[in-house]
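As structure tokens, the structure follows; a few thoughts come after it.
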Amino acid sequence: MSAIQIIFWFLSALAIVSALMVLISKNPVHSVLWLIMVFFAISGHYILLNAQFLAIVNLIVYAGAIMVLFLFVIMLMNLNNESEPQKNVWMRLAGAVSGGCLLMILVSLVRQAIEINNKVAEMKVGDIGLIGNLGKALFKDYLVPFEISSVLFLSAMVGAIVIGKKN
Amino acid sequence: MPIQYYIILSLALFCIGIVGVLVRRNVIIVFMCIELMLNAVNLLLVAFSKMHHGIAYLTDKTTTTGSDAQLFVFFIMVVAAAEVSVGLAIIVMMYRNTHSVDVNFLNRLKN
Amino acid sequence: MNKLVYLVPLFPLIGFLINGLGRKSLSKSLISIIGCASVLASFVVSVILFFDVKANGATVVDYFNFINLDSLKIAFAFQIDALSSLFLLIITGVGFLIHLYSTAYMHDEEPQHFGRYFAYLNLFIFSMLLLVMGANYVIMFIGWEGVGLCSYLLIGFWFKNDNYNYAAKKAFVMNRIGDLGFLLAVFWLIEKLGTANYADVFAHASSLSSFDVTAITILLFVGAMGKSAQIPLYTWLPDAMAGPTPVSALIHAATMVTAGIYMIARSNVLYSMSEVTMNLVSIIGLATALFAATIALKQNDIKKVLAYSTVSQLGYMFLGLGVGAYTGAVFHVMTHAFFKALLFLGAGSVIQAMHHEQDIRKMGGLKKQLPITHITFLIGCIAISGIPPFSGFFSKDEILAAAFAKNPIYWGLGVAGAAMTAFYMFRLYATTFLGTFRGTEDQQHHLHESPSAMTIPLIVLALLSVIGGFVGVPEILGGHHSLHNFLSSVLTTEVAHESAKNTEYLLMGISVAVAAIAIIFAINKFSKKPELEDATGFGKLLENKWYVDELYDSIIVKPNTAKGKFLKNIFEKNIIDAAVNGVGRMINYSSRQLRLIQSGLVSGYILFMVLAIIVMVLIWVNDGYIYKFFYNLF
């Protein structure tokens, strides 16, 4: 087993275990921290796939900004184990079973799909994930969406302020 | 790595996100699970981008095939950031009015 | 002459339409004129056709294709031959006299009902003409159903009386049973021979297997049983006396009930091919003749006696058919039409004079007040009893002679029936016209002879009853039997019955003597002291008609009623209603339950979304075959 494979399996296991821990943790703060772990694992995958720009952005935007925002809110509300609302057992069971069914079906679909047989996500080939190449594409082909997304940010900011304002 | 591995990993994360949405009542955790699902999709997009790039690279060493998918991921992150800011604002408002983060408190759209 | 044929049924049809549509606006006299004139016109045309047939032979007039199905073609065609022209004369002739009689008899009805009555009568004549004129079994069936309908309508003419409606219903239902047999026979014929035309059927009859012939003839005979009131379908006819008396005379004595005889005589080619059916017909006929005669011995309703007498005489006709004496049967149809119509009309005259009293125990001594009715009624009684030279003698003698040739036992029982006939007819006569009056003062005060519109038909029919027999005088009495010669072209399979001259004289002598003794006995017994009390013992059994009605009631009607009640009360309420209400309740319940899904809880909605995705993926992946998916999965 090559080093890449070892890293891949390690990151995969980390991502799944951390995601499960997000679910299982009673304390919302722990959930946030486990979610950050998931994001780190996914960023690791990005690096493995030679998508360095996205890996960095993922860390900065998600693990940094967004999750800190979550943490702020949770702390603001002073949520902890005791204040965590619990669903009834049947509802949780139904959710788990249906989610499991969905996973099983989709996995079986993947296993049956012949179109992706012998297809490989190349790790060492190409450098499209580098910031220079992506920047060229972004500012040449995707300039208009880029500008529109800045407008989206502005409106989201205004919206958040309006909603959060005390009436 | 074979693309199936990435797909299955993404599916696993996605389904864990769904289960989280279904079984948790804390609206913040639900929101976090949605972020988890978004990230699963992002991972899948990047994996496919590399797959297509690898295929195109065999014939053309200067190809940029696959950069679209990575830009999509970039835009998804942008939208997700905007969504989180608005969503958390709503959650704060809700908490301020009901003193609860239970989604089941929101079962009436009026009043 | 062919151009005239369609006129025969057309006139009564026009009369029906005018009287039926204009019953509210036309005056009574106009209705009478239209009703009688239409039948009289038919009679005139019938006479012309009769002499034409006599001179030139039979003719078939084809009008149009009535049914046109692939290879099956059924024409709307009329066949005028010896048999049908004779029946045309009887129907229109007797029919006209009865129409004339009705104008006086029904005069007290409101104009609207008066018009309705004549419309029905005309419709009946029209249907009856179709029945006898049709050139195939399908046209005959149309007429067959038409007369059944008119019979129903006329029995229930006074529809405000529930009992009359029940009688009408009974007649209709019993006729339907027979009609089913007829219909099946026609289908069978069409299936086997591909045609229903008389000429084609009889020409190809020899190609039928003996089983087919027997089945077809028995089914046809079932039809005849219903229409001609034979055992076991006879009980409707006595009840049919609920209708106005002229209706009883026309439909339930002279014409409709003889449709069965006409049909069998018409199908004589088929019947002669099946020994089984012939025996069945003669046995049923004989049994009916005797059975009905015994019942008639003890009836006290003037019309009931005549009704059972009709059933009995029809039995004789079937006996004649069964032993192969088709001419004799048709001959008896003719003479019976005369004297039984006469007797019914006479009874109607008596009933009207007695203010609608029908019980003979409350009559008596009407001889003086109703002289014409008395004389004509007496002539009818003598004719039906078979005293020479009145018409009944010749026709009955011919049937009995044929029965003797076939089987002496038939003859013996037939003579016994004839003796009973003579006895009960003269019991009726003596109780009604002889002795002293037993009604109320009021009735006696109003006793009077009927108007001439009623007595003229009586006189004409009495005349016919006297001389009607001379068309069929047997050869040993110096006649030529012109009727036999006339009908021989149609009744081709007539069984000749040649007995020694002495034997035939002896048979005639015995039957006449027996009848005469019965007559004298009856007059002696009943003219002085009629039976006024209810009968006891065996007589009670006869008075109650052998309890056949009660038997039918308990083995057929009551179980069906019980079944109907069960279905109504148990099945419908507990199963059908429960199912219908259950559907409503189930929808109500399930919507209440489904409503809970719309809880407003986001996670619930998402759960259903996920489940829906699972289902959709399953369907999409497997082209709709879910088992295939599981097969691939494991």
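- Of the possible polar contacts, none joining the A:E147 side chain to the A:V144 backbone as a donor-acceptor pair under 3.5 Å is found.
- Among residues at least two apart or in separate chains, side-chain hydrogen bond (donor to acceptor under 3.5 Å, both in side chains) pairs with a member in residues 125-140 of chain A are A:D127-A:N133.
- The parts of A:L54 that come within reach of chain B are both its backbone and its side chain, each placing non-hydrogen atoms under 4.5 angstrom from that chain.
- The candidate with the highest count of non-hydrogen atom pairs below 4.5 Å against chain B, out of A:V61, A:V107, A:L76, A:L134, is A:L134.
- Only the side chain of A:W9 comes within less than 4.5 Å of a heavy atom of chain B; its backbone N, CA, C and O stay farther away.
- Looking only at heavy-atom pairs under 4.5 Å with chain B, the residue among A:A156, A:A121, A:S149 that has the most is A:A121.
- When atom types are taken as modelled, the side chain of A:H30 and the backbone of A:S25 share no donor-acceptor pair closer than 3.5 angstrom.
- If you measure heavy-atom distances from B:I16 to chain A, the contacts under 4.5 Å come from both the backbone and the side chain.
- For the side-chain contact (heavy atoms from CB on, under 4.5 Å) test, residues two or more places apart in sequence or in another chain that qualify with A:M77 are A:V73, A:L79, B:I28, B:I91, B:V92, B:Y95, B:V101.
- Most heavy-atom pairs under 4.5 Å with chain B: of the set A:N58, A:I74, A:L93, A:N118, this distinction falls to A:N58.
- With a 4.5 Å cut-off on non-hydrogen atoms, A:F53 touches chain B through its side chain but not through its backbone.
- At a 4.5 Å heavy-atom cutoff, the contact between A:V32 and chain B is made by backbone and side-chain atoms alike.
- Here the shortest heavy-atom pairing between A:I105 and A:S108 reads O-OG, 2.7 Å.
- Listed options B:I55, B:T64, B:L88 were ranked by heavy-atom pairs under 4.5 angstrom with chain A; first place goes to B:L88.
- Using a 4.5 Å cut-off between heavy atoms, B:Y57 touches chain A through its side chain atoms alone.
- Nearest heavy atoms, B:V46 versus A:A51: CG1-CB, 3.9 Å.
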Check step by step if side chain to side chain donor-acceptor pair (under 3.5 Å) holds for B:Q70 and B:D68. CA-CA 5 Å; B:Q70 300 209 3; B:D68 297 353; over 6 Å; no
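- Defined by atom type and a distance below 3.5 Å, a donor-acceptor pair is present between the side-chain atoms of A:Q52 and A:N50.
- For a residue to count as touching a neighbouring chain, one of its non-hydrogen atoms must lie under 4.5 Å from one of that chain's; by this rule B:T63 touches chain A with the backbone only.
- Nearest heavy-atom pair across A:L138 and B:F74 is CD2-CE2, 3.9 Å.
- For chain B, the nearby part of A:S98 is the side chain; its heavy atoms alone come within less than 4.5 Å.
- Only the side chain of B:L9 comes within less than 4.5 Å of a heavy atom of chain A; its backbone N, CA, C and O stay farther away.
- Note: B:L43 leads B:I7, B:L43, B:V86, B:I18 in heavy-atom pairs under 4.5 Å with chain A.
- Comparing A:A94, A:P145, A:G159 by how many heavy-atom pairs each has under 4.5 Å with chain B, the most go to A:P145.
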Criterion side chain to side chain donor-acceptor pair (under 3.5 Å) on A:Y62 and B:E35, from CA distance to verdict: CA-CA 9 Å; A:Y62 265 112; B:E35 296 303 317; 3.2 Å; yes
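- No hydrogens or angles considered: a donor-acceptor pair under 3.5 Å links the side chains of B:D60 and B:T62.
- Using a 4.5 Å cut-off between heavy atoms, A:V22 touches chain B through backbone and side chain atoms alike.
- Separation of the B:F31 and A:F70 ring centroids falls under the 6.0 Å cut-off.
- Interface remark: B:L11 contributes backbone and side-chain atoms alike to the contact with chain A (heavy atom separation under 4.5 Å).
- Heavy atoms closer than 4.5 Å to chain A are found in the side chain of B:L38, but not in its backbone.
- Proximity to chain B (any heavy atom under 4.5 Å) is restricted, for A:F8, to the side chain, taken from C-beta onward.
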